[in-house]
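So the structure is just underneath, and the comments pick up after that.
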Number of protein chains: 6
Amino acid sequence: MTDLVTFGETMLRLSPPDEERLETADQYDVAVAGAESNVAVAAQRLGTDSAWLSKLPDSPVGRKVAGELRSHGVDVDVVWTDEGRQGTYYLEQGRAPRGSKVIYDRARASVTTARSSELPTESLEAATCFHTTGITPALSDTLETTTADLLSMAGDAGVTTSFDVNFRSNLWTPAEAKAVLTDLFPGVDLLVVAERDARVVLEESGDAEQIARSLDSEYGFEVVVVTRGGEGALALADGAVTTQPTYDATDAYPVGTGDSFVGGFLSQYLDGGSVADALAWGAATAALKRSVPGDMATVSPAEVRDVVEGSTEALSR
Amino acid sequence: MTDLVTFGETMLRLSPPDEERLETADQYDVAVAGAESNVAVAAQRLGTDSAWLSKLPDSPVGRKVAGELRSHGVDVDVVWTDEGRQGTYYLEQGRAPRGSKVIYDRARASVTTARSSELPTESLEAATCFHTTGITPALSDTLETTTADLLSMAGDAGVTTSFDVNFRSNLWTPAEAKAVLTDLFPGVDLLVVAERDARVVLEESGDAEQIARSLDSEYGFEVVVVTRGGEGALALADGAVTTQPTYDATDAYPVGTGDSFVGGFLSQYLDGGSVADALAWGAATAALKRSVPGDMATVSPAEVRDVVEGSTEALSR
Amino acid sequence: MTDLVTFGETMLRLSPPDEERLETADQYDVAVAGAESNVAVAAQRLGTDSAWLSKLPDSPVGRKVAGELRSHGVDVDVVWTDEGRQGTYYLEQGRAPRGSKVIYDRARASVTTARSSELPTESLEAATCFHTTGITPALSDTLETTTADLLSMAGDAGVTTSFDVNFRSNLWTPAEAKAVLTDLFPGVDLLVVAERDARVVLEESGDAEQIARSLDSEYGFEVVVVTRGGEGALALADGAVTTQPTYDATDAYPVGTGDSFVGGFLSQYLDGGSVADALAWGAATAALKRSVPGDMATVSPAEVRDVVEGSTEALSR
Amino acid sequence: MTDLVTFGETMLRLSPPDEERLETADQYDVAVAGAESNVAVAAQRLGTDSAWLSKLPDSPVGRKVAGELRSHGVDVDVVWTDEGRQGTYYLEQGRAPRGSKVIYDRARASVTTARSSELPTESLEAATCFHTTGITPALSDTLETTTADLLSMAGDAGVTTSFDVNFRSNLWTPAEAKAVLTDLFPGVDLLVVAERDARVVLEESGDAEQIARSLDSEYGFEVVVVTRGGEGALALADGAVTTQPTYDATDAYPVGTGDSFVGGFLSQYLDGGSVADALAWGAATAALKRSVPGDMATVSPAEVRDVVEGSTEALSR
Amino acid sequence: MTDLVTFGETMLRLSPPDEERLETADQYDVAVAGAESNVAVAAQRLGTDSAWLSKLPDSPVGRKVAGELRSHGVDVDVVWTDEGRQGTYYLEQGRAPRGSKVIYDRARASVTTARSSELPTESLEAATCFHTTGITPALSDTLETTTADLLSMAGDAGVTTSFDVNFRSNLWTPAEAKAVLTDLFPGVDLLVVAERDARVVLEESGDAEQIARSLDSEYGFEVVVVTRGGEGALALADGAVTTQPTYDATDAYPVGTGDSFVGGFLSQYLDGGSVADALAWGAATAALKRSVPGDMATVSPAEVRDVVEGSTEALSR
Amino acid sequence: MTDLVTFGETMLRLSPPDEERLETADQYDVAVAGAESNVAVAAQRLGTDSAWLSKLPDSPVGRKVAGELRSHGVDVDVVWTDEGRQGTYYLEQGRAPRGSKVIYDRARASVTTARSSELPTESLEAATCFHTTGITPALSDTLETTTADLLSMAGDAGVTTSFDVNFRSNLWTPAEAKAVLTDLFPGVDLLVVAERDARVVLEESGDAEQIARSLDSEYGFEVVVVTRGGEGALALADGAVTTQPTYDATDAYPVGTGDSFVGGFLSQYLDGGSVADALAWGAATAALKRSVPGDMATVSPAEVRDVVEGSTEALSR
């Protein structure tokens, strides 16, 4: 049985090798990346049976997305379609003072036409947890409706719902995001939000704890997790606050850090771990992710445990 | 001064190295490809001052397209825009019985919004020849109008107009194509058409010569060139027919063969060469193209001359 | 539910890029390869729900094997262990007069210690078909016993058993092979054997049909398939003989051709297709395999259908 | 019209990938590099119409040099010749305590035979600025004369002349350099000199400002720019001194930093910017260069502006 | 004549490019690595005629090992055999918090069957110094005997014997190691031991000097070198202690640092240098190694001298 | 003891991967190549102790040449120098109708200054055979003298002298070559000459046998071998003619075929084999070479024997 079902878009990621520029490189590395499938991969690798729900073009590049996710053990529950295209994004890895740059090319992706009625939702209704993010409803009007439908369906089936705000300024304005997201919040049990998004999008103020308490009192979540970049994370559950610092990590491969945090968190939380353990596993998975090329946390439970326990070694042989 | 101006879309071409599959490759080679810019590159390299007219996204991948064309000496006369995206296509190189496959991802490319009024047409109006293909009007309603506008503008300025039918079945039906193209033909001086397209799209019949004569009598071209794949090519000019067989060549890199033929043909024809010489240079450039990775004929005049004169060597040192 | 379960060893395959030599190359391409998992991958990709049963080292390279198979949709039913190592093989691709060379390094692989009692055989007992090959019992005494146990278990559960003789001269002698294999044959329903192995190992004589009839009368198979390299294949079922020529194909990537044949055959046969259809799909899958790098037939049903129907194109766009 | 014309040698640069050693690597990355063309590329990319004047071997590697420069939009005004060879240099990227190493292989390069009478100097005489460096006259006696001729020709045509001392100890001694360079200085309007070269070659003393004032009073420059490595740069113009610190930057790809500084400086200075703005753009272009593989500043005006304005982001999406 | 002969196992090292993971990489870089041959390579490159004694499989991968060592000028004195296999190891390069990981796959390597009677020991008996490490006797019972035999043979021939403790916890326990090694020590003249191994395996205590004095008084070595990681090294010879700090170096490629230290030390020591000079060359060679990919110190005497003399430059041209 | 000593230039070979063009490739593969060292490598690999005598620049690229030759077991007897440069050549691999192209960049190579007095000729004087080619005296006046000196020195020491005419039209004219070579012939025992060179350079006529007899009668060789490309080879020794056809082989990597022939021939001839055996080994080594990238025959005796005996297999496992 599947413990975790996530829903959203997964893209091909095209990036020049090493630190070459998009403009001048003759080869691009091809990876597979999407906020919600990143979460499923991290959770699956850490022991949570996970599935990813979506709609993909019936083409070699669509199959590439499915194959990559399956290779990590994630079930791929998708509608195959001739509608739309495979979304992609270009990533150029930078170094100071040249920043890393992401250019999205996701318009008209097949997933933007996905309706809840066509999706294979059997595993969702039997799962322990359903997770999606604020990117999904931002992608199309259809997906805004579908996101609401799936949250409802999960709620009706007694499935815990998890939601990461994940604001993307190139998809919508803070005001548009706030309107849509706050409509969805009543159906959400576990909210993850970056402190910055809480301020800019949800117009919260005060420190991280005040933000968590304010969101909780307004929308009535089971758990609120506020992530604070290099400052760590904080969770409010049953009125109690738990904090977690970040673990030391390279900044070599930062893309996907947030999703890895959520995947690590859920793997413990859904397994019955304490909020403190869940935060620790989230932070450790996120730290490890930063040492791994690509968007996904291709890590093992033993590696996460070593970080949590402070027993990593520079060279083990 | 520019001798040849071409107009159309140029895409990024993404293809797995060697004979790997799109689905399983971890890197894609990145090239730059478009029927009309392919013609400009071939002609420029063979001594014809050439320019390419278009509209590109103001992004690293748009600049990549411009840089690649410039590297061959082609002038890049483009509008830079935030509208639309950089069109791409996926190419998988096959081997019998697995064929090579092209997956276009060109919807909503920036060029599809290009209007004649915004394009930098100074060099077009001062050129010797203007060239475009049947792909361009198929890409959007806007481009259908723009193609007609540019052909008119060229005609008014006394510039020879050249047009390659280049039917693409994934862009429109034969009937749609016929309706649009035959509307454009009165403004065309030099027509290039594959025998197969003449039959399927233009509904011509008979042998290649009959097709050329029929098209000429119907639309009144200066020159009609009918290309016949492995059977060579035939030109009708001033009532006289000239034929040209193909030169022996590998079939390793077939994509771009037709555009290289046109580039080679024009390089001689615009330089005052006879139709026979132009056909020979077209065929030789096409043959050389098939030995070169990528869509473009990165060849030199000496190499083309060696093929025409039959003086190529397997190893020269 | 799983239709097909296969059992055997899967190795890492290390091969120099292009036609470089093992001795002088500085990089090796890494692939995943094994006769029985190759069959599962081909069948899965052609629509048969497939699983692979085995024992793998609990290490990154063991996980690599599992991940690659999963990426094709195959269920990986394995015991993870600290016993033994990940088997590997070196492949050097040749060109006349230098042949391709395989160097096996599979001694003490984890799978050689696999006992039926420790394997997760639930899906096997519920499957439509169980498949293994003559390589498996040759790898260790333990595996000889386990192979027999699994064939029995399948027979008891009413699961069709399929067996490919696949003689490997570096693992055992023809006499040793004959003794072990003929002990297993009574538990086998569908036998696949290369004509050459039938002669050298099973000491059969006559033409392919005579070989099939002789094997059938001796051991009482449901179906006997005799593969004949470039000469095609022949099946004997219910006393009737069906023949199938090979399809034209490159000889670029021959390793895995036989397994792809079996995967293609089973995908049709288990789906209720006729023996003639199964042979055609086997032959077409084998032909396509030869155009694909690696050991596995990473093909689609549409591609196989095109080969069977003779409707492949050199370039489709 | 061309704003900036530069003159000098451009080489092929051969360097092992990553941090491999020249001795043991099996592949070399191939780039194009030359002090004067580096300046032209940086300036062109930042909005200054630029051309590069030189002499190249009529060979694929000579054409490679031209193609690379053209790809950045630089006009390539060269004599093609059969005299001499394509100069190259080997670069090995190091890490402490192993330094990066350059091995020049530029003897007998075609450019060393370039006489002013054979060069296509039309654009030089119509330009706003002519730039060359102390490397050029060091390469051959012929080039010493040609450098003097071109500076004269520029002076006569009212073109501003810019000169970067760029002392290379493997080409000549400080004494030889001083003799030749000080002969050229009367024809130079804008001098760029590293503080170290000013001391070692020009035998100046005191701090950077004293060096600038001393050089100015001795040779009467319009502007003197003294570059000080990590200490920033200082310009003396119209008696006033302006200073500019360096911007924080990686030291990953230091080769070409100085040329990028000059290109950035000229792009602003020739556009009518203040000396302070020109120094800031010079410093920002230099900082960005250090994050980009290769010798050239493949950057955009927006990126430079972000550095100058302090608005770079580690990850923009 | 050969100055230094080393004896031990050399493996193929398989590692993903850059910082990719073993599980997900599609190519592995192939290097050659072994504690004793690493020492021979470092010493040979620094001017000591060196040979490596061993037993290799007669296969392309065995020949690869020999070829790589020969390329550095080391004589390869090996028995070629059909017994056993080529040992390998997998290396995954990490970044904090993900450590680098080594997975050995060396069981049943050909060398584990090497008997002194079959080895070509002519050069050993005529050498100045014989070196091996604690890894060798740990690999098999046969090698335990052979190591003792060769030390005896060297002693009898008046050859200085050098031994690096090099404890590997995956090969044996500290107690097993202590028993075997202390049996060998009476035949050893020059002992190299990491401070940590001295404590854990040899059960020494106190500071590095106390450890050296205690080992010396117990076993009577000519020289004892205690290496202390980032703390430098210390040597006890003729009752006098000499210390050497480490030189600043990157931690990019740490594997092989210790062997490079020994190679650098011996190159000076065997050439008649003082213990202080030998320590300095050891430390400098070790520092340079850390900047070079692979296990071996592919450095030159000039580079080592520059480090010792503090005259390295970040960029020399 | 060394059986074979060869003398000549060895270059770095720079070639784009696959079939890319020199002009557009971003990486070049780096190999090591030279007619005389190619012979030494082939002979060494086939069992003849071989050395290569030359002069190399004391630089990483000079050391690369030495290292590569040593990796095949060849002794490298060179003077290390600061005079001159490392010669290189560019190779572009073609396909019909585009031929493969070689661009030499060997002017001023260090070897062109090599005098016999400075070369380490001890092994030459103790060898069984000395071999060089017509390329060497063509490289410089100094080398013309040195070649004569070494042939004399060998003759005086009773060493068999072998000479391959190897005419290169880009180094000298046929008339120049004839004058120099025929002066050297009296000191040559074994002459290898391509039929085409015999006609064009040595002005011989008639068929291959007539050429051999005419050369023999004119210059008094011990053996004359005439190579005839695809037509095989012919040897005249003691008045008797032996012929050898070519073995079937790919034409994938033709560069170095002739040198491999000579290496294979000498390996048998110097070992006391018959002229017929020597021709067969020459032809088989040449055939295998054509399947191997690079200039050198990286083959084994077993592979050559398989070709001679007709027992090669397309896939051995």
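Nothing here was measured: the structure is a model prediction, and the numbers come from that model. In the text below, chain A, chain B and the rest are named by the order of the sequence lines, each starting its count at 1. Side chains are part of it too, since the values below use all heavy atoms of this structure and drop only hydrogens, waters and symmetry mates.
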Kindly list each side-chain donor-acceptor pair under 3.5 angstrom involving residues 304-314 of chain F, sequence neighbours excluded, with atom names and distances?
residue : atom : partner : partner atom : Å
F/D306  : OD1  : F/S311  : OG           : 3.2

Name the option with the most non-hydrogen atom pairs under 4.5 Å to chain E; the candidates are F/S300, F/G67, F/A66, F/P60. F/G67
If you round to the nearest 0.5 Å, how far is CG of E/L69 from CZ of F/R70? 13.0 Å
Could you state the interatomic distance from OG (F/S71) to CZ (E/R63), rounded to the nearest 0.5 Å? 12.5 Å
Are more than 12 heavy atoms from other residues, nucleotides or ligands located less than 6.0 Å from atom CG of F/D248? no
